[in-house]
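Sequence positions, counted from 1, serve as the residue numbers for this chain. As the structure is a prediction and not an experimental result, all values here were calculated from the model.
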Amino acid sequence: MRHFGQVERVPGDPILGLLDAYRADPNPAKLDLGVGVYKDAEGITPIPQAVKLAEQRLIATELTKSYIGGHGDPLFGEQLLRLVLGEHSPALSEGRAGCTQTPGGTGALRLAGDFIARCLPGRSLWLSDPTWPIHETLFAAARLPVRHYPYVGADNRLDVADLLATLAEIPPGDVVLLHACCHNPTGFDLSHDDWRQVLEVVRARELLPLFDFAYQGFGDGLEEDAWAVRLFVEALPEVLITSSCSKNFGLYRERTGALIAITADASSLQDVRSQFAALARNLWSTPPSHGAAVVATILADEQLRQLWQQEVAAKRQRIAGLRNGLLEALQPYGLAERFAHIGAQRGMFSYTGLTAAQVRRLRSEDAVYLVESGRANVAGLDAERLDDLARAIARVVSD
């Protein structure tokens, strides 16, 4: 008897498949702009020095490998709440904010999805169009009805008017997922005035905001990138936030993240956290320890924290420099205005505006790999080869 004879093969993840194709390409001039990881000038995803120093300290002092509990490392939770919400957040002082550690931001999103499905039945979850593709599959796996609100239109421009109009029609009680900063995949972020308008609609429609906060520090700064999250937390009694330490701490493979709950009062927080722990028990039992211990060590130590902040700022500045450098390289071809949005976008990603056919040509003719939607990982650019990339882009868009 063949138990697995009827098992069907499913398509692989398109981004990971792109990485496989890139690795198999023998062209020495190949360029990977697909996979969403930060890379330095040598094309390496580096371990921050603050992380290495924290790890050395942990190796010397760690006494046990026992479980860390359903909500994770308490010091990690305490420090991350302050990083996300701010040192003087009323939600913290009033005991209305709690942190449950998860395996990365992806784990936090899945835990949020399961919580909504179990404890807020009948609610739909609204995603931006476009959004991070895994949002779609994660929430479908949690058996949540998924719907969409417009974000970036066919003209590759942020469509705030349609966004607000759609939010104003969402049924009361539904959940709306918002990208706190560095929107993935487009790189287009809302202005402060836009966020205030979104807040008013969310409040008027009695929607539950769920923030995906994966890139704190990669937009305008650690404090600046938290502006929208803190605005909503101060204005509304209930908010959910998923936080990731993959990018800003460089802890991609350590899977370090958290689901943060803001509730109306301290008693409600304990109710919500009890559900988080029960759901997590059936997902991953208890979260991994190492990455959380590294983050907690850095944030609790003034010197390590300052070093880490400097390293995050250097990454942010390098990405901004690459954006501006690419625009300068496109200038001789008369394309700087056409691609001016690249300089206005924030974070690692850019919705370039290149078509799927143009992307395929870049891959086949120039060994430049990016997602067929036109999304490019700006942090994967090589500052020494921007002229070559600009020449290739000019060729595929002019033919």
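Of the listed residues (R385, R360, R395, R361), just one forms a salt bridge (charged side-chain N to carboxylate O under 4.0 Å, His left out) with D366, and that residue is R395. Just one residue in the list Q197, R196, R203 forms a side-chain hydrogen bond (donor to acceptor under 3.5 Å, both in side chains) with E200, and that residue is R203.
For W227 and H192, the distance between ring centers is under 6.0 angstrom. When ring centroids are compared, H179 and H135 come within the 6.0 Å threshold.
Between the side chains of S191 and D194, at least one donor N or O lies within less than 3.5 Å of an accepting N or O. Side-chain atoms of D162 and Y149 form no donor-acceptor pair, as typed in the model, at a separation below 3.5 Å. No side-chain N or O of E62 forms a donor-acceptor pair with one of H290 less than 3.5 Å apart. No donor-acceptor contact under 3.5 angstrom links the side chains of D271 and S274, judged on distance only. Side-chain polar atoms of E238 and T263 form no donor-acceptor pair below 3.5 angstrom. Judged by distance alone, the side chains of Q306 and E302 do bring a donor and an acceptor atom under 3.5 Å apart.
Clustering ILVMFWY residues whenever any of their side-chain heavy atoms sit less than 4.5 angstrom apart, transitively, puts L167 in the very cluster that holds V152. Residues L199 and V160 fall within the same hydrophobic cluster, defined by Ile, Leu, Val, Met, Phe, Trp and Tyr side chains chained together at heavy-atom separations under 4.5 Å. F249 and I68 sit in two unconnected hydrophobic clusters of ILVMFWY residues. Membership requires side-chain heavy atoms under 4.5 Å apart, directly or through other members. Hydrophobic clustering (side-chain heavy atoms under 4.5 Å, transitive across Ile, Leu, Val, Met, Phe, Trp, Tyr) keeps L75 apart from I260. L269 and F76 fall into different hydrophobic clusters, where Ile, Leu, Val, Met, Phe, Trp and Tyr are joined by side-chain heavy atoms under 4.5 Å apart, directly or via other members.
In plain terms, the two heavy atoms of C182 and G347 that are nearest each other are SG-CA, 3.4 Å. Taking each heavy atom of G291 and E254 in turn, the nearest pair found is CA-CB, 4.0 Å. In plain terms, the two heavy atoms of G353 and H341 that are nearest each other are N-NE2, 4.3 Å. In terms of heavy atoms, Q345 sits closest to S350 at OE1-OG, 2.6 Å. For V294 against E55, the heavy-atom pair with the smallest separation is CG2-CG, 3.7 Å. Considering every non-hydrogen atom in both A214 and K247, the closest pair reads O-CD, 3.7 Å.
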With a 3.5 Å cut-off and sequence neighbours excluded, list the donor-acceptor pairs that the side chains of residues 84-94 form with protein atoms.
unit_1, atom_1, unit_2, atom_2, d
S89, OG, A91, N, 3.3
S93, OG, P90, O, 3.0
E94, OE1, R96, NE, 2.7
E94, OE1, R96, NH2, 3.4

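Of the possible donor and acceptor atoms, one in the side chain of N377 sits under 3.5 Å from a partner among the backbone N and O of V37. Checking side-chain atoms of R323 against main-chain N and O of A344 turns up no donor-acceptor pair under 3.5 Å. The closest donor-acceptor contact from the side chain of R346 to the backbone of G187 lies at 3.5 Å or more, if one exists at all. Distance alone, capped at 3.5 Å, is enough to place a donor-acceptor pair between the D225 side chain and the F218 backbone. Under a 3.5 Å cut-off, the side chain of Q101 and the backbone N or O of G257 do not form any donor-acceptor pair. In terms of modelled atom types and a separation under 3.5 Å, the side chain of S285 and the main chain of R281 share no donor-acceptor contact. Side chain of Q275 to main chain of C119: no donor-acceptor pair is present (N/O by atom type, distance under 3.5 Å, no hydrogens or angles).
The neighbour count for R143 CZ, taken as heavy atoms of other residues, nucleotides or ligands under 6.0 Å away, does not exceed 12.
Rounded to the nearest 0.5 Å, atoms CG (L31) and CG (L362) are 10.0 Å apart. In this structure, S243 OG and L81 CG are separated by 9.0 Å, a value rounded to the nearest 0.5 Å. With rounding to the nearest 0.5 angstrom, the CZ atom of R318 is 6.5 Å from the CG atom of D40. Rounded to the nearest 0.5 Å, atoms CD1 (I298) and CG (L53) are 8.5 Å apart. If you take OG on S373 and CZ on F349, they are separated by 10.5 Å, rounding to the nearest 0.5 Å. Here CD of E365 is found 12.5 Å from CG of N27. Values are rounded to the nearest 0.5 Å.
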Checklist entry - For V359 and Y369, what are the C-alpha separation, side-chain angles and deciding distance, and is it a side-chain contact (heavy atoms from CB on, under 4.5 Å)? => result CA-CA 8 Å; V359 168; Y369 288 77; over 6 Å; no
Checklist entry - salt bridge (charged side-chain N to carboxylate O under 4.0 Å, His left out) between R205 and D174: does it pass, once the steps are laid out? => result CA-CA 9 Å; R205 300 297 296 173; D174 276 4; over 6 Å; no
Item to check | side-chain contact (heavy atoms from CB on, under 4.5 Å) between F232 and L178, worked out | outcome: CA-CA 11 Å; F232 276 63; L178 303 164; 4.0 Å; yes
Checklist entry - Could you go step by step and tell me if D387 and R391 meet the salt bridge (charged side-chain N to carboxylate O under 4.0 Å, His left out) rule? => result CA-CA 6 Å; D387 288 338; R391 187 181 308 113; over 6 Å; no
Item to check | side-chain contact (heavy atoms from CB on, under 4.5 Å) evaluation trace for E372 with R363 | outcome: CA-CA 10 Å; E372 288 203 358; R363 188 185 314 162; 3.7 Å; yes
Next on the checklist: Could you walk me through whether F213 and S244 satisfy the side-chain contact (heavy atoms from CB on, under 4.5 Å) test, starting with their C-alpha distance in whole Å, then the side-chain angles of each, then the deciding distance to 0.1 Å, before giving a yes or no?
Outcome noted: CA-CA 7 Å; F213 200 7; S244 171; over 6 Å; no
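K30 forms a cation-pi arrangement with Y22, by the criterion of a distance under 6.0 Å to the ring centre and an angle within 45° of the ring axis. At least one cation-pi condition fails for R375 and Y351: the charged atom is not both under 6.0 angstrom from the six-membered ring centre and inside a 45 degree cone around its axis.
By the 4.5 Å side-chain criterion applied to Ile, Leu, Val, Met, Phe, Trp and Tyr, L208 is assigned to a cluster that also includes L109, L111, F115, I116, L120, L125, L127, W132, I134, L138, F139, L144, V146, V175, L177, L210, L240, L259, V272, F276, L279, L283, W284.
The side-chain heavy atoms of V239 and F211, taken from C-beta on, include a pair separated by under 4.5 Å. Residues K315 and P48 have side chains in contact (heavy-atom distance under 4.5 Å, counting atoms from C-beta outward). Side-chain atoms of L190 and L158, non-hydrogen and from C-beta on, do get closer than 4.5 Å to each other. Side chains of D382 and L389 form no contact here, defined as non-hydrogen atoms less than 4.5 Å apart. Between P209 and L236, some side-chain heavy-atom pair lies under the 4.5 Å cut-off. Side-chain contact between L326 and V378 is absent, with no heavy-atom pair separated by less than 4.5 Å.
Ring orientation note: the planes of H183 and Y151 are close to parallel, at an angle under 30° on the 30°/60° scale.
No salt bridge links R305 with D301; every basic N to acidic carboxylate O contact stays at or beyond 4.0 Å. Ion pairing of R230 with E234 is absent here, as no side-chain N (NZ or NE/NH1/NH2) approaches a carboxylate O to less than 4.0 Å.
Partners of Y38 under the ring-ring contact (aromatic ring centres under 6.0 Å, His included) rule, at least two apart in sequence or in another chain, do not exist in this structure.
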